[in-house]
Peer 1: 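Here it is, the structure, as structure tokens.
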There are 2 protein chains.
Amino acid sequence: MPVINKQKTTKSTNQSRNSEATRNQLLDAAEAEFAVTGLIAARMEAIAAQTGVTKATIYYYFQSKEELYQAMLERCLVGMLGLAEQLQLDCLPPDAALVKLLATMLQCMSENPHVGSILCLEAVQNKGKYYPKQLGNILYGTIIEILERGMLSGAFRQLEPRHTAVNIVGTCSFYFTAQENLKYLWPGKRLLGKELLQSHTQESIDLIMAGVRN
Amino acid sequence: MPVINKQKTTKSTNQSRNSEATRNQLLDAAEAEFAVTGLIAARMEAIAAQTGVTKATIYYYFQSKEELYQAMLERCLVGMLGLAEQLQLDCLPPDAALVKLLATMLQCMSENPHVGSILCLEAVQNKGKYYPKQLGNILYGTIIEILERGMLSGAFRQLEPRHTAVNIVGTCSFYFTAQENLKYLWPGKRLLGKELLQSHTQESIDLIMAGVRN
DNA sequence: GTCTATAACCTGATAGAC
DNA sequence: GTCTATCAGGTTATAGAC
């Protein structure tokens, strides 16, 4: 069992070229690749090349393409979820809570445009097979809670919370997921540039808030 | 040149197994396949099998996988565009025009859920390379016109028409594109069933109309 | 028009050297 | 840990029979 020898605590540094870093770089490259192609069409060769290693190295860290995909998906969504908890939305009145959540979701999508594509591809290609429903329930649950609080307090009109939550997430993600089809609407401008991003954020929040308020 | 012999006009019927029908069946099967996998990951074998022919037959009708994809995409979007013109939205006041357009888009998406996935995959995978921008401009142009008319007449509040148009299309497509990720929100119910579809349509129209009205 | 057979290539995954 | 080399299987596309 020479494996034990490799993990001696006395020399935790210098495991050749740093195991943890390589693993993360592989997940970064996998995220970029899977976000464009989806699981089936992704090429292990491309992920390896972008990381600067060979295919065989990937299989040292992950058992299969499928496992790499699942690890990437989990890391990607766990980050998203940290948001909802950090925001402390329960302490805010429903109106302010929804504005804050919308702003955060839009910022999150703009900082990591992969996330929208990955979820979209997961739904379309894999029929949600690898989608962690628990994570989805937390995201939508947060929105639904705010909407129900708002209806009770009279701040929001009477609406069906689940359908409205879906429409809210849709509004927050479409601009980023479909950006390559939308770029013709703003010739010469960058959809993720400061100017367009700022006005899109404002317009989206205004539309949703006007849509739910009483 | 025995080819000429095969095309004699005296017997225009019975070209073995009807050329036009096979072509359309191939486009149907291609639509179903491309809508799930996208261009790269689609398998010609699968399209052939679903049509009941062999791969070689596809290459008799289409020069390449890419050409089949483009033909599928065009047929798919031209159908969408026929809608906007048939609706005669210019004759209606902006409020009624937008409601009618929303209802039509949502119905179109529910009758052919492929359309949302195909456009999404085209954006994400191919970066809009094959997306006919002309068609996109017409769809978004129609919405933008209604919004501008509404702002002038005072029916709608002051908003940025392009961003709002994008958000409207996003709202109309997300439920259908991401349905496989959303199904956990309604356990035991079919997202495309009559009940959920009807309430989703109503809620979406209400949200958007409340969002744009003055 | 549609088939069978095959060419030429690409991809996931493994074995074994270093 | 990372590499080279390789296998087995699958893919697009074409050639030629019927």
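Throughout, a chain's letter reflects where its sequence line sits, starting with A, and its residues are numbered from 1. Below, each value reflects all heavy atoms present in this structure, side chains not excepted, and no hydrogens, waters or symmetry copies. Treat the numbers as computed from the prediction; the structure is a model and nothing was measured.
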Peer 1: Side chain of B:Tyr60 only, please: which of C:dA13, C:dC3, C:dT2 is the nearest?
Peer 2: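 That would be C:dT2.
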Peer 1: What nucleotide among C:dC3, D:dT11, D:dA13 has an atom nearest to a side-chain atom of B:Arg43?
Peer 2: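 Looking only at heavy atoms from C-beta outward on B:Arg43, the closest nucleotide is D:dT11.
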Peer 1: Using whole Å, what does the distance between atom C1' of nucleotide C:dT11 and atom CD1 of B:Ile40 come to?
Peer 2: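 Rounding to the nearest Å, CD1 of B:Ile40 and C1' of C:dT11 are 14 Å apart.
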Peer 1: Flag yes if more than 12 heavy atoms outside A:Arg75 fall under 6.0 Å of its CZ atom; otherwise flag no.
Peer 2: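 For A:Arg75, atom CZ is crowded (more than 12 foreign heavy atoms under 6.0 Å).
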Peer 1: Can you tell me the distance, in whole Å, between the CD atom of B:Glu20 and the C1' atom of C:dG1?
Peer 2: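 From B:Glu20 CD to C:dG1 C1': 14 Å.
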Peer 1: Among C:dG1, D:dA13, C:dA13, find the nucleotide with the atom closest to the side chain of B:Tyr61.
Peer 2: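 Selected nucleotide: C:dG1.
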Peer 1: Could you tell me whether the phosphate oxygens of D:dT14, OP1 or OP2, come under 4.0 Å of any side-chain nitrogen or oxygen in B:Tyr59?
Peer 2: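 Answer is no, no contact under 4.0 Å.
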Peer 1: Mark yes or no for whether B:Arg162, through its side chain, and A:Leu185, through its backbone, hold a donor-acceptor pair below 3.5 Å.
Peer 2: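 Here the side-chain-to-backbone pair exists.
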Peer 1: Please report the distance, rounded to the nearest Å, between CD1 in A:Ile58 and C1' in C:dT14.
Peer 2: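 About 14 Å, once rounded to whole Å.
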Peer 1: Calculate the interatomic distance between A:Glu33 atom CD and C:dT11 atom P; express it in whole Å.
Peer 2: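 After rounding, the gap between these two atoms is 10 Å.
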Peer 1: Contact class for A:Ala42 vs. all strands (heavy atom < 4.0 Å): base, sugar-phosphate, or nothing?
Peer 2: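 Here A:Ala42 touches the backbone only, sparing every base.
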Peer 1: Among the candidates D:dT14, C:dT11, D:dC3, find the nucleotide nearest to the side-chain atoms of B:Ala56.
Peer 2: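 The listed nucleotide nearest to B:Ala56's side chain is D:dT14.
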Peer 1: Quickly work out the B:Phe62 CZ to C:dT2 P distance and round it to whole Å.
Peer 2: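 After rounding, the gap between these two atoms is 12 Å.
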Peer 1: With heavy-atom distances below 4.5 Å as the criterion, would you say the side chains of B:Cys120 and A:Phe174 are in contact?
Peer 2: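 No, side chains not in contact.
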Peer 1: Under 3.5 Å, side chain of A:Tyr175 to main-chain N/O of A:Leu191, donor-acceptor pair present?
Peer 2: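 Yes; at least one donor-acceptor contact below 3.5 Å.
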Peer 1: If you check every side-chain atom of A:Lys55, which of C:dC3, C:dA13, C:dT11 has the closest atom?
Peer 2: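 Selected nucleotide: C:dA13.
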Peer 1: Tell me whether the OP1 or OP2 atom of C:dT2 has a side-chain N or O from B:Thr54 closer than 4.0 Å.
Peer 2: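 For C:dT2, neither OP1 nor OP2 has a side-chain N or O of B:Thr54 closer than 4.0 Å.
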Peer 1: When the distance from CD1 of B:Ile47 to P of C:dT2 is rounded to whole Å, what number comes out?
Peer 2: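 Atom CD1 in B:Ile47 sits about 16 Å away from atom P in C:dT2.
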Peer 1: Side chain of B:Thr57: nearest nucleotide among C:dT2, C:dT4, D:dC3?
Peer 2: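 In terms of side-chain proximity for B:Thr57, the closest of C:dT2, C:dT4, D:dC3 is C:dT2.
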Peer 1: Hey, is the side chain of B:Thr22 poking within less than 4.0 Å of OP1 or OP2 on C:dT2, counting only N and O atoms?
Peer 2: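 For C:dT2, OP1/OP2 do have a side-chain N/O of B:Thr22 under 4.0 Å.
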Peer 1: Consider only side-chain N and O atoms of B:Tyr130 and B:Glu66, and report whether a donor and an acceptor are under 3.5 Å apart.
Peer 2: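 Side chains of B:Tyr130 and B:Glu66: pair found under 3.5 Å.
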Peer 1: Nearest whole Å is fine: how far is C:dT14 P from A:Glu67 CD?
Peer 2: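 For the pair A:Glu67 CD and C:dT14 P, the rounded distance is 11 Å.
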Peer 1: Roughly how many Å is it from NZ in B:Lys65 to P in D:dG10, rounded to a whole number?
Peer 2: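 Computing the B:Lys65:NZ to D:dG10:P distance gives 16 Å.
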